[in-house]
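What you are looking at is a predicted structure, and each value in this text was computed from that prediction instead of being measured.
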Amino acid sequence: MKIVKVKCLDMSYNTGSWELGHLADFGLVRIEMVGYLVEDKADCIVIAKEYHEHEHSVRHLTAIPKVCILSQEEVG
C-alpha cells in the first residue's frame, strides 16, 4: 500500500470570542497529513493512519476532498 504526504486546506473551528476587526486572522488552515492511500475516489482521497498487513485492514481513516488538496506526493 502506498504512503502519501498530502498538503491541504482544512476547516477551522473556534468557540472563543473574536473582535470583528480581527476576523481577517481567522479562516482555513494549511495542514500536512501522512498516511496509507486507501482509495482515490472522484471527489476525495481516503488515507489511513494504520495498516495491518496480515489482516489486510486499516484504522483511523480520513477523507480529504480533492478541492482542498494543494499537493500530494508518494513517500517512503
Side-chain angles (χ1 to χ4, degrees):
M1 192 172 290
K2 293 180 185 178
I3 299 173
V4 293
K5 178 169 85 170
V6 181
K7 293 181 182 181
C8 61
L9 296 173
D10 197 10
M11 63 181 270
S12 56
Y13 176 76
N14 186 294
T15 60
S17 296
W18 283 73
E19 291 183 27
L20 292 176
H22 292 243
L23 285 179
D25 298 331
F26 185 76
L28 297 176
V29 294
R30 292 175 182 252
I31 60 171
E32 293 184 15
M33 286 191 249
V34 177
Y36 294 94
L37 181 61
V38 175
E39 194 168 359
D40 189 344
K41 298 181 175 189
D43 60 345
C44 69
I45 63 167
V46 178
I47 62 173
K49 295 296 178 196
E50 298 175 9
Y51 170 58
H52 192 288
E53 184 177 14
H54 298 293
E55 293 182 6
H56 196 63
S57 63
V58 292
R59 295 192 294 192
H60 307 287
L61 296 174
T62 302
I64 307 168
K66 286 191 174 179
V67 297
C68 296
I69 295 174
L70 302 172
S71 69
Q72 176 182 329
E73 65 182 87
E74 191 173 333
V75 296

Stepwise side chain to side chain contact (heavy atoms under 4.5 Å, CB included) check, Lys5 with Glu32: CA-CA 7 Å; Lys5 178 169 85 170; Glu32 293 184 15; 3.7 Å; yes
Under 4.5 Å between side-chain heavy atoms, counting indirect links through other Ile/Leu/Val/Met/Phe/Trp/Tyr residues: same cluster for [X] and [Y] or not?
| X | Y | answer |
| --- | --- | --- |
| Leu37 | Val75 | no |
| Ile69 | Ile47 | yes |
| Val6 | Ile3 | no |
| Tyr51 | Val46 | yes |
| Val58 | Val34 | yes |

Considering all heavy atoms, the nearest Met1-Tyr36 contact: SD-CB, 3.6 Å
Minimum heavy-atom distance between Cys44 and Pro65, given as atom pair plus value: CB-CA, 3.9 Å
Residues Asp40 and Lys66 bridged, charged N to O under 4.0 Å: yes
Lys49 atom NZ, neighbour heavy-atom count above 12 within 6.0 Å: yes
Ser12 side chain vs Val29 backbone, donor-acceptor pair below 3.5 Å: no
Candidate pair Met33 and Ile31, rule side chain to side chain contact (heavy atoms under 4.5 Å, CB included), full reasoning: CA-CA 7 Å; Met33 286 191 249; Ile31 60 171; 3.6 Å; yes
Side chains of Glu73 and Val4 in contact at under 4.5 Å (non-hydrogen atoms): no
Leu61 vs Val38 side-chain heavy atoms within contact, under 4.5 Å: yes
Sole residue of Glu53, His54, Glu55 in side chain to side chain contact (heavy atoms under 4.5 Å, CB included) with Ser57: Glu55
Check against side chain to side chain contact (heavy atoms under 4.5 Å, CB included), Ile45 and Gln72: CA-CA 10 Å; Ile45 63 167; Gln72 176 182 329; 3.6 Å; yes
